[in-house]
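Here the structure is laid out as structure tokens; the discussion comes afterwards.
Residue numbers run from 1 in the order of the sequence given. Computed from a predicted model, the values in this text were never measured in an experiment. Whatever order the structure lists them in is the order used to number ligands and atoms, beginning at 1.
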Amino acid sequence: MKILSAKQIYEADRATIKSQAISSTELMERAAFACYEWIIKRFPDRSRLFHVCCGMGNNGGDGLVVSRLLLENGFRVHTHLINFSEHRSDDFKVNLDRLIEMKALVTEVSGVADFPTIEHGDLVIDAIFGIGLKRSPSGFTKKLIQRINNSKAGIISLDFPSGLFSASTVTDKEAVIRANHTLTFQVPKLAFLLPDNQEYVKEWQVLDIGLDKDYLNSADCLYHGSDLELNKGFYKVRKKFSHKGSFGHSLLIGGSFGKIGAMVLASRAALKAGSGLVSTYIPKCGYTAMQSTNPEVMVEVDDENYIQYFNFKTNPTAIGLGPGLGTHLKTKKGFVDFFSNCKAPMVIDADGLNIIAEFSDLSELIPENTILTPHPKEFERLVGKWHDDYAKLDKLLAYSQQHNCVVVLKGAYTAIAHQGKVWFNMSGNPALATAGSGDVLTGIITALLSQGYTSLEASLLGVYIHGRTADLAVEENESIESFSATDAIDYLGRVYKEFV
Ligand SMILES: NC(=O)C1=CN([C@@H]2O[C@H](COP(=O)(O)OP(=O)(O)OC[C@H]3O[C@@H](n4cnc5c(N)ncnc54)[C@H](OP(=O)(O)O)[C@@H]3O)[C@@H](O)[C@H]2O)[C@@H](O)CC1
Ligand SMILES: Nc1ncnc2c1ncn2[C@@H]1O[C@H](COP(=O)(O)OP(=O)(O)O)[C@@H](O)[C@H]1O
Ligand SMILES: [K+]
């Protein structure tokens with residue numbers, strides 16, 4: 001799944017018009033028809049009043065077509081032309097003429113006095129600006145956006161919430177539509193995946209408008225989505241004569257007094273994610289807890305309450321390092337010696353990352369293709385503060401390239417960066433915002449690495465299946481609030497079934 005820039009979307013438009021020998025008006029009709037179908041399925045009540053607010057560009061043109069389709073099918077519609085510019089796009093003009101021919105209710109909004117009265121229960125279709133916005137809306141257009149936001153009506157944005165920029169941060173937060181639903185064309189937009197924009201973009205839906213496949217396949221994108229289709233592409237089906245040695249030996253290193261649970265979760269997740277063998281290297285105080293909760297997992301121990309020696313005998317195919325590790329001075333010292341000499345592929349999480357951040361020289365020693373799994377606070381410790389989400393993405397790309405590693409920046413739409421590209425994970429929901437959820441992810445990714453997936457594949461697939469556990473659980477019988485890290489592990493089996 002590619003995430004095209006606005007420039008590429010305009011190119012895809014042109015390629016489609018050429019290859020399918022259609023006019024831009026026909027493409028607009030197709031796009032708006034897809035929106036219309038979604039709208040009437042979700043809001044079939046014909047007594048409801050639709051306020052369709054149309055700008056002067058092609059986004060406004062989409063709105064005019066939606067107005068016409070709703071009217072033709074017996075819905076109540078009031079179309080408002082938001083008169084912010086003398087210049088009107090060609091397809092806007094064609095569709096305005098069509099609407100006027102129908103004797104539709106169309107009024108111009110050129111100032112506050114023309115604002116519609118929007119009642120509770122009405123629906124606003126926001127077709128003011130799409131991806132063509134160049135500067136923050138001002139004057140009466142900004143005031144109208146505020147009026148719409150403050151109304152009690154539901155808001156559906158066509159393609160893009162008006163006022164949002166496609167490749168930079170919002171400069172005037174009061175001049176952006178806060179949409180309940182956004183119906184976007186063909187591909188997800190980068191702006192939807194960034195936490196700074198969460199107030200403007202809530203639910204969003206990609207509608208297929210049949211843009212040229214050749215263009216979409218060949219477009220070179222910096223940003224991608226990671227979904228079932230992508231992950232199925234490299235998922236390894238187990239062979240009939242495989243044995244446990246075929247699936248590697250994961251070693252999870254971490255835990256400290258009071259934080260043995262992190263290792264119990266990570267090692268159990270590694271087992272359930274399919275690692276052939278799983279070992280843990282933990283402080284002595286965790287021995288009984290580990291053996292009694294995870295009988296399949298082998299245990300080696302270090303000092304009594306924390307790890308400092310890193311002198312395990314296990315010969316792992318992959319190491320997951322960091323859950324519950326703590327930052328005791330002796331742990332830090334042991335970590336620095338171990339980390340610089342480790343030969344097995346590694347996933348570094350939690351305090352492992354904090355130690356790397358504290359000793360900045362360690363970043364230079366990160367072995368090639370190591371996977372780092374920071375949450376935003378841990379990432380900030382590694383790279384310093386950023387002023388907005390775009391600067392954060394720049395830092396993510398730069399750090400992963402500079403150290404030739406995979407960085408899994410966790411959150412909603414976890415961003416996975418490798419060799420100058422970023423993949424946003426499309427599974428998961430806020431149920432995952434729960435203690436130990438990151439430890440489970442470390443276990444899963446380590447298990448995939450040990451089974452022979454590349455670092456990038458293990459990160460993409462691990463993050464995807466981790467997210468799916470929460471999606472399935474919430475679809476079935478869990479609530480977002482009650483879901484726990486243990487539930488994520490229990491759902492792994494159901495998620496794997498979606499791959500076969
Ligand atoms: N393949 C697809 O995805 C398809 C996409 N389609 C649709 O096309 C949309 C893109 O259309 P678009 O290029 O005409 O731009 P749009 O967003 O309507 O805005 C441009 C207008 O806004 C104006 N303007 C800008 N900033 C302003 C400001 N601050 N304050 C005031 N004015 C401002 C600007 O004026 P200008 O700056 O040029 O004077 C111009 O008039 C896209 O989002 C989708 O809905 C479908 O129809 C077909 C298939
Ligand atoms: N709102 C959310 N939507 C989807 N996934 C989320 C959300 N919040 C957190 N997560 C996921 O939950 C996990 C939390 O990891 P982390 O912050 O390390 O937690 P912990 O330290 O408690 O284990 C990450 O994989 C993250 O992507
Ligand atoms: K819009």
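- The N, O or S atom of Asp126 with the smallest distance to the K ion (ligand 3) is O.
- Within 4.0 Å of atom 32 (N) of ligand 1, at least one protein heavy atom is present.
- Looking at atom 8 (N) of ligand 2, its nearest protein heavy atom turns out to be Ala433 CB, 3.6 Å.
- Phe160 does not count as a contact of ligand 1, since none of its heavy atoms falls under 4.0 Å from the ligand.
- Here the protein heavy atom with the shortest distance to atom 11 (C) of ligand 2 is Leu432 CB, 3.6 Å.
- Under a cutoff of 6.0 Å and an axis angle of 45°, Arg494 and Tyr491 form a cation-pi pair.
- Ring orientation note: the planes of Tyr399 and Phe379 are nearly perpendicular, at an angle over 60° on the 30°/60° scale.
- Here Thr182 does not reach the K ion (ligand 3): none of its N/O/S atoms is less than 3.4 Å from the metal.
- Of all the heavy atoms of Asn59, the ones lying under 4.0 Å from any atom of ligand 1 are found in both the backbone and the side chain.
- Applying the 4.0 Å criterion to heavy atoms of Tyr10 picks out, from ligand 1, the atoms 10 (C), 12 (P), 13 (O), 15 (O).
- Within the listing of ligand 1, atoms 29 (N) sit less than 4.0 angstrom from a heavy atom of Pro137.
- For atom 15 (O) of ligand 1, the closest non-hydrogen atom on the protein side is Gly132 CA, 3.3 Å.
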Please lay out, stage by stage, how Tyr453 and Tyr235 fare under the test ring-ring contact (aromatic ring centres under 6.0 Å, His included).
CA-CA 9 Å; Tyr453 288 96; Tyr235 167 75; 7.2 Å; no
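- Nearest to atom 26 (C) of ligand 2 among the protein's heavy atoms is Gly411 N, 3.6 Å.
- Near Gly57, with a cut-off below 4.0 Å to any heavy atom, the atoms of ligand 1 are 14 (O), 18 (O).
- Taking CD from Glu478 and CG from Asp471, the interatomic distance works out to 13.0 Å, rounded to the nearest 0.5 Å.
- Note: Phe424 CZ to Leu409 CG = 9.0 Å, rounded to the nearest 0.5 Å.
- Heavy-atom contacts of Met28 reach the following atoms of ligand 1: 47 (O) (cutoff under 4.0 Å).
- Distance from atom 1 (N) of ligand 2 to its nearest protein heavy atom, with residue and atom name: Pro430 CA, 3.5 Å.
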Go through the steps for Arg42 and Gln205 under the test side chain to side chain donor-acceptor pair (under 3.5 Å), then give the verdict.
CA-CA 12 Å; Arg42 188 72 173 249; Gln205 209 75 36; 5.4 Å; no
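- Taking a cut-off of under 4.0 Å to the non-hydrogen atoms of Leu133, the atoms of ligand 1 that pass are 25 (C), 26 (N), 27 (C), 29 (N).
- Looking at Lys189, Glu86, Lys134 and measuring to atom 37 (O) of ligand 1, the nearest heavy atom belongs to Lys134.
- With respect to the salt-bridge test (charged N to carboxylate O, under 4.0 angstrom), the residues Lys142 and Glu174 do not qualify.
- Shortest contact from atom 7 (C) of ligand 2 to any protein heavy atom: Ala412 N, 4.0 Å.
- Judged by distance alone, the side chain of Thr331 and the main-chain N or O of Ile307 form a donor-acceptor pair under 3.5 Å.
- The distance from the CG atom of Leu99 to the CG atom of Leu69 is 10.0 Å, given to the nearest 0.5 Å.
- Shown in contact with Ile9 at under 4.0 Å from a heavy atom are these atoms of ligand 1, numbered in order with element: 1 (N), 2 (C), 3 (O).
- Considering both main-chain and side-chain atoms, Ile128 never comes within under 3.5 Å of ligand 1 through any nitrogen or oxygen pair.
- Regarding atom 25 (O) of ligand 2, its nearest protein heavy-atom neighbour is His466 CE1, 3.2 Å.
- Heavy atoms of Phe129 found under 4.0 angstrom from ligand 1 belong to the backbone as well as the side chain.
- Contacts with ligand 1 closer than 4.0 Å are made by backbone heavy atoms (N, CA, C, O) of Ser136 only, the side chain lying farther away.
- When heavy-atom distances to ligand 1 are checked against a 4.0 Å cut-off, Asp13 comes that close only through its side chain, counted from C-beta outward.
- Remark: side-chain polar atoms of Asn197 are paired, donor with acceptor, to backbone N or O of Ala191 under 3.5 angstrom.
- Between Phe75 and Tyr36, the ring planes are perpendicular. Angles over 60° get that label, and only those under 30° would be called parallel.
- Note: Asp349 CG to Glu378 CD = 6.0 Å, rounded to the nearest 0.5 Å.
- For atom 40 (C) of ligand 1, the nearest protein heavy atom lies 4.0 Å or farther away.
- With respect to atom 18 (O) of ligand 2, the closest heavy atom belonging to the protein is Lys410 NZ, 2.7 Å.
- Counting heavy atoms under 4.0 Å from ligand 1, residue Asp159 touches it through the side chain alone.
- Per-residue contacts place Gly130 under 4.0 angstrom from the following atoms of ligand 1 (heavy atoms of the residue considered): 16 (P), 17 (O), 43 (O).
- Residue nearest to atom 3 (N) of ligand 2, selected from Asn429, Asn425, Asp349: Asn429 (by heavy-atom distance).
- For ligand 1 and Leu211, the ligand atoms under 4.0 Å from any heavy atom of the residue are 1 (N).
- Under the 30°/60° scheme for interplanar angles, the aromatic rings of His51 and His78 are found to be tilted.
- Closest to atom 19 (O) of ligand 2, if we only count protein heavy atoms, is Gly438 N, 3.6 Å.
- Looking at atom 45 (O) of ligand 1, its nearest protein heavy atom turns out to be Asp62 OD2, 2.5 Å.
- Checking atom 21 (O) of ligand 2 against the protein gives no heavy-atom contact under 4.0 Å.
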Assess whether side chain to side chain donor-acceptor pair (under 3.5 Å) is satisfied between Ser437 and Thr434, documenting all intermediate values.
CA-CA 6 Å; Ser437 172; Thr434 181; over 6 Å; no
